[in-house]
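Single-structure report; data block below.
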Amino acid sequence: MHYIKVNDLAFHYEDEPVLENISFEVNSGDFVMLTGENGAAKTTLLRNILGLLKPTKGNVNLSTKNRWDEKLVVGYVPQQVASFNAGFPSTVLELVQSGRFQRGKWFQKLDKQDKEHVRRSLESVGMWDMRHKKIGELSGGQKQRISIARVFATDPDLFVLDEPTTGMDVHSREQFYKLLKHNSKDHGKGVLMVTHDHEELRRYADKHIQLVRKEGSPWRCFSMDSCKEPSKHHSSFH
Amino acid sequence: MFFYGFMQRAFQASFLISLIAPMLGLFLILRRQSLMADTLSHVSLAGVALGMLIGVNPTWTNIFVVVAIAILLEYLRMLYRTYSEISIAILMSGGMALALVLMGLNQGGATLSMNQFLFGSIVTISEQQIWMLLGLTIMIGLLYLIFRKPMYILTFDEETAFTAGLPIKTMSILFNVLTGITIAVIMPIVGALLVSAILVLPAAISMRLSKSFNGVIMIGIIIALTGMFTGLVGSYGYGTPPGATITLIFIIIFGVTTLIKKIVLQIKRSKLLNSKDL
């Protein structure tokens, strides 16, 4: 079942084309990685998919239902989330618990199961001991980790992640990829992730979408190289 | 002092404003809209002047004008996402200019009343205003209890709120409208020039004292009650304008808490250094 279907998408900033001829799908259980050089409009593409921007041409079909015919829940981690408002008056626990609101808890109290989910999510990123800290007191890497804990606490059907491993140490990154892969492979979650992690692309991705600069265009316009299965022997990065 | 009817009403109004201010103020600060409250209070003067000019109860024209501008502000905020203060600058000066022009057209008789709206007056709080304030407090309290989770996400990050399926535009407009109504109701009591300070300062102080979201609201209410009651007593004792006295008390509390926090932090640091040396 497809969660995201992008058909011949083009996006222009005012009159300047930045994305053209983009078509791909992300299905339930897919682990899709999106790569490209700096400024290759990767974030712009994600924002088009999520409905934060409107495509100039083509369309994006973001499914409203998951594979059990329930409302599709999307978990989004924006780029440079670590730079979020340092003065925001919230503890780590409050923020990660807010990930459960999307699971039908906007107007209900969180139950035991929700709290267990939150605990496991915080433990998975090694932040349980810091749950009572104010989020503004955390380092950049720690903020990144609680943002990831928050999205795991949501337990979404579709993960949309924009360079989520920025600022993470090697061990935390490894843990994060294993958990994400387990979610997609064993629980049928869809994953679309922008990354620069070469090694992990080779090891974990089911599909690789690379945005490359369009030849012959007078603009800094990007298109898809192709949508391919990444080689398990060598990286397809240049 | 407590036997005078007008002082009883002033304390009742202060109590109710103390409950509202931290709830609205916290969201205003976190949404970077502290100045929006100031803009709306300037615009509300135009609402009052319009009411006086056409001979309609100024409270109603005030609410009507402020709500319309609150909606326009949200539209301009979306239009100038990066430079959202542009909308503040345009509407603040525009509101004040319109108020002055309308006052000029309504020559004679309106100056005294306008002074009351500018600086506020505890003597003129009516029974009707108390009831309006009570209704508003109940409404804001209920809305906070029902919508605090969606509002928490909306103030944390609008894009995260959007992808979580929240109607962010509608929520933002309704929040602005609620802020506008609150300002229109509170303004005759504390004065247009200081209404935003009274809304924002308790939350600004408590943000430095509490780690959690609900903690900020609770401590904010205690600070608001302390500042409002002390300010009222001071205003009565020294014959100073209530809005200004209350604002100065809040600023003193802000200074004192900042100083105490710094001293505590210094002591903690030196203790930590001493234990490391040992």
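So you know, we letter chains A, B, ... as the sequences are listed, proteins then strands, and number each from 1. Values in this document were obtained by computation on a predicted structure and should not be read as measured data. Side chains included, hydrogens not; waters and symmetry mates left out as well; all remaining heavy atoms used.
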Structural part of [X] lying under 4.5 Å from a heavy atom of chain A:
X	answer
B:Ser206	neither
B:Leu166	side chain
B:Ser210	backbone

Output the option from A:Lys133, A:Gln108, A:Glu137 having the highest count of non-hydrogen pairs under 4.5 Å with chain B. A:Gln108
Chain B contacts, top residue of A:Leu52, A:Leu93, A:Val74, A:Thr154 (heavy-atom pairs, under 4.5 Å): A:Leu52
Could you give the distance from CZ (A:Phe88) to OH (B:Tyr152), rounded to the nearest 0.5 Å? 5.0 Å
Max heavy-atom pair count under 4.5 Å with chain A, selected residue of [options]:
options	value
B:Asp157, B:Ile29, B:Thr155	B:Thr155
B:Asn214, B:Leu26, B:Ile153, B:Leu145	B:Ile153
B:Arg208, B:Lys149, B:Lys211	B:Lys149

For atom [atom1] of [X], decide whether the heavy atoms of other residues, nucleotides or ligands shown that lie under 6.0 angstrom number more than 12.
X	atom1	result
B:Phe15	CZ	no
B:Met218	CE	no
A:Gln113	CD	no
B:Tyr75	OH	no
A:Lys65	NZ	yes

Given heavy-atom pairs under 4.5 angstrom as the criterion, report whether the side chain, backbone, both or neither of A:Arg103 touches chain B. neither
Portion of A:Gln102 that has a non-hydrogen atom of chain B nearer than 4.5 angstrom: side chain
Starting from the C-alpha separation in whole Å, work towards a yes-or-no answer on side chain to side chain contact (heavy atoms under 4.5 Å, CB included) for B:Phe147 and A:Trp106. CA-CA 8 Å; B:Phe147 292 104; A:Trp106 289 117; over 6 Å; no
Between B:Glu159 and A:Arg47, is the closest basic N to carboxylate O distance under 4.0 Å? yes
Decide if the gap between the ring center of B:Phe162 and the ring center of A:Tyr76 is smaller than 6.0 angstrom. no
For B:Phe213, is there any backbone N or O sitting under 3.5 Å from a side-chain donor or acceptor partner on A:Glu94? yes
